[in-house]
There are 2 protein chains.
Amino acid sequence: MATDDLMTRALEALGDDGPLSVEAIHRLTDVPDVPETMTIAEVADLLDLSPHTLRYYERAGLVEVARDGNGHRVYDADAVRRLVFLTRMRLSGMAMRDLQHYVALADAGEHTVPERLDVLVEHRDTIRRRIRELTLSLAAVEYKIATYGGATGPDVHALGTTTGAERTALPDEPPRRALPAG
Amino acid sequence: MATDDLMTRALEALGDDGPLSVEAIHRLTDVPDVPETMTIAEVADLLDLSPHTLRYYERAGLVEVARDGNGHRVYDADAVRRLVFLTRMRLSGMAMRDLQHYVALADAGEHTVPERLDVLVEHRDTIRRRIRELTLSLAAVEYKIATYGGATGPDVHALGTTTGAERTALPDEPPRRALPAG
DNA sequence: GTATGCCTTCGAGCGCGCTCGAACGCAAAA
DNA sequence: TTTTGCGTTCGAGCGCGCTCGAAGGCATAC
């Protein structure tokens with residue numbers, strides 16, 4: 001996905017780690033510049049996705065976009081804001097169909113606010129779960145890196161921290177059969 | 001993916017959070033029971049994936065599996081161990097083609113150990129990056145849940161911790177225009 | 001004997017999220 | 001006037017990771 005770059009920029013802008021201050025979240029959440037209207041190229045540039053993808057999102061019913069005299073798309077501030085939101089959700093792993101559902105709710109009016117919040121809360125839980133999964137996987141990979149050779153060599157000393165286990169202390173793989181990939 | 005269940009079980013077995021002790025990682029990393037040989041159904045059961053998927057992995061060149069007199073697959077301990085590893089890597093997001101590369105290296109002999117470690121280290125970094133991305137997304141979603149209605153309402157008080165912002169204190173959405181999905 | 005159940009191979013199909021190409025329109029620049 | 005550059009619509013294609021169905025083999029259960 002081309003939009004990975006968006007996330008890269010966000011991460012760099014926030015300084016890669018640190019305790020995620022409120023201001024950082026503001027910087028992350030607030031849309032920097034919202035001109036009155038934008039062309040498809042400008043929006044594509046802003047969100048680091050292709051015009052093709054923007055048209056695809058429109059076809060999928062995620063945004064409505066007006067046309068000018070030449071039939072060219074004119075993105076107003078609301079459309080851009082919605083696309084920013086949608087892009088963020090896509091980057092965090094929300095499926096197209098869920099976004100379609102959410103957008104349908106949003107377009108249905110204020111009375112769907114509780115249901116929309118349910119969707120967001122559920123997605124929040126999905127993200128949390130995925131982070132836990134990845135943390136587990138990370139530990140496993142680090143363990144494998146540290147003890148490379150398989151379950152035989154218990155060189156666990158490098159596992160003090162979750163971020164330990166660098167390319168240093170690497171025991172040679174004990175020569176067993178060739179098959180088990182690692 | 002059916003194998004999500006594997007991860008679910010791993011998470012439950014480890015107790016969902018806590019500081020990821022060395023024993024926990026052992027429990028995560030060690031294969032519980034490795035019988036001499038297993039049938040495709042048994043392996044599928046063990047790894048929570050379908051026989052179809054196991055055959056697909058074999059077709060993809062990720063494992064070699066012997067046959068018995070009836071032409072049925074016989075998974076030996078090495079094959080099972082490799083599949084456990086492969087499944088873990090898949091769950092952590094490694095692409096099939098990368099696994100194919102890794103496996104080719106493993107089959108090429110001991111001299112590829114450094115290159116294999118490079119692959120693992122790179123994948124470790126990918127996982128770390130993805131965790132950071134998701135953490136950022138999580139913060140954004142939590143922020144949106146807490147301040148539902150958009151950037152207007154700065155109800156940031158619920159954002160003290162990254163895991164704060166529960167379904168409680170939810171300000172009503174300020175009535176602006178309908179479009180910006182949220 | 002036949003029915004069941006699990007296995008085999010092979011190739012096709014699917015759902016997702018884009019991604020692209022063809023054929024065309026309009027407008028400002030050379 | 002022609003070229004360039006950016007836009008349009010429509011529908012097809014792609015890469016990924018499975019997932020499935022058809023047609024058949026073998027063995028145990030009834």
Side-chain angles (χ1 to χ4, degrees), chain A residues 1-7 37-76 79 83 86-103 123 126 130, chain B residues 1-7 37-76 79 83 86-103 123 126 130:
Chain A
M1 217 190 309
T3 45
D4 281 351
D5 300 334
L6 222 199
M7 186 59 90
T37 66
M38 297 177 79
T39 68
I40 194 169
E42 289 164 350
V43 177
D45 229 57
L46 177 70
L47 300 177
D48 267 313
L49 31 84
S50 72
H52 278 303
T53 302
L54 284 174
R55 294 189 200 103
Y56 165 69
Y57 285 177
E58 186 179 347
R59 257 188 291 173
L62 296 184
V63 256
E64 283 181 22
V65 185
R67 305 297 139 106
D68 68 7
N70 294 325
H72 290 197
R73 285 172 177 78
V74 178
Y75 290 84
D76 62 15
L83 281 167
L86 293 170
T87 304
R88 249 181 227 133
M89 289 300 131
R90 288 291 304 119
L91 282 175
S92 67
M94 187 178 274
M96 287 294 289
R97 67 179 56 210
D98 292 342
L99 284 175
Q100 287 167 332
H101 177 210
Y102 187 92
V103 153
H123 183 56
T126 300
R130 187 63 187 144
Chain B
M1 214 191 311
T3 45
D4 280 352
D5 300 333
L6 222 200
M7 187 58 90
T37 67
M38 296 177 79
T39 69
I40 194 170
E42 288 164 350
V43 176
D45 228 59
L46 176 70
L47 300 177
D48 266 315
L49 30 84
S50 72
H52 277 304
T53 302
L54 285 174
R55 292 188 202 105
Y56 165 69
Y57 284 177
E58 186 179 347
R59 257 189 292 173
L62 296 185
V63 255
E64 284 181 22
V65 184
R67 305 298 139 107
D68 67 8
N70 296 325
H72 290 195
R73 285 171 176 79
V74 178
Y75 291 84
D76 63 16
L83 281 167
L86 293 170
T87 303
R88 249 183 226 131
M89 289 299 132
R90 289 290 306 119
L91 283 175
S92 68
M94 186 177 274
M96 286 295 289
R97 67 179 54 211
D98 292 342
L99 284 175
Q100 286 167 332
H101 177 210
Y102 187 92
V103 153
H123 184 55
T126 300
R130 187 63 187 145

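Because the structure is a prediction, the values reported are computed rather than measured. Naming convention: chains lettered A, B, ... in sequence-line order (proteins, then strands); numbering from 1 in each chain.
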* To do: Give a yes/no on whether any side-chain N or O of Tyr57(B) is located under 4.0 angstrom from OP1 or OP2 of dC18(D).
  => yes
* Asked: Quick one: are Tyr102(B) and Arg97(B) in side-chain contact, heavy atoms under 4.5 Å?
  -> no
* Can you find a heavy atom in the side chain of Met96(B) that is under 4.5 Å from one in the side chain of Leu62(B)? -> yes
* Does Arg55(A) place a side-chain N or O at less than 4.0 Å from the phosphate oxygens OP1/OP2 of dG17(C)? -> no
* Report which part of the nucleic acid Ala95(B) touches: base, sugar-phosphate, or nothing (heavy-atom distance under 4.0 Å, all strands). => sugar-phosphate
* To do: By nearest nucleotide on DNA chain C, pick out whichever of Thr39(B) and Arg59(B) is the more 5' one.
  => Thr39(B)
* Asked: Quick one: is dC18(D) close enough that its OP1 or OP2 comes under 4.0 Å of any side-chain N or O from Arg90(B)?
  -> yes
* With heavy atoms under 4.0 Å as the rule, sort Ala60(A) into base, sugar-phosphate or nothing. => nothing
* Rounded off to whole Å, could you give me the CZ-to-C1' distance for the Arg97(A) and dG15(C) pair? => 8 Å
* Asked: Does OP1 or OP2 of dT8(C) have a side-chain N or O of Arg73(B) closer than 4.0 Å?
  -> yes
* Asked: So, does Gln100(A) use its side chain to make a donor-acceptor pair with the main chain of Ala60(A) at under 3.5 Å?
  -> yes
Identify each atom pair where a protein N or O and an N or O of nucleotides 21-28 of chain C are less than 3.5 Å apart, giving names and distance.
residue	atom	partner	partner atom	Å
dC26(C)	O3'	Asn70(A)	OD1	3.1
dA27(C)	OP1	Asn70(A)	OD1	3.2

* **Length of the line joining Leu99(A):CG and dC16(C):P, which is rounded to integer Å** => 13 Å
* Least distance between heavy atoms, Arg130(B) atom then Ser92(A) atom -> NH2-C, 4.2 Å
* Quickly work out the Glu42(B) CD to dG5(C) C1' distance and round it to whole Å. => 15 Å
* Would you say Arg67(B) reaches dG25(D)'s phosphate, i.e. side-chain N/O to OP1/OP2 under 4.0 Å? -> no
* Shortest non-hydrogen contact from Thr87(B) to Leu83(B)? -> OG1-O, 2.7 Å
* Asked: Would Val63(B) and Val103(B) satisfy side chain to side chain contact (heavy atoms under 4.5 Å, CB included), going step by step from the backbone distance to the final call?
  -> CA-CA 8 Å; Val63(B) 255; Val103(B) 153; over 6 Å; no
* Distance in angstrom units between Leu86(A) CG and dC18(C) P, rounded -> 11 Å
* Asked: Nearest-Å distance, CG (Leu47(A)) to C1' (dC18(C))?
  -> 15 Å
* Starting from P on dG17(C), measure out to CG on Leu54(A) and report it in whole angstrom. => 16 Å
* **Nearest-angstrom distance from the residue atom CG of Asp45(B) to P of dC7(C)** => 10 Å
* Would you call Tyr57(A) and Leu49(A) a side-chain contact if the rule is heavy atoms closer than 4.5 Å? -> yes
* Structure fact -> Rounded to whole Å, the CE-P distance (Met94(A) to dG17(C)) equals 12 Å
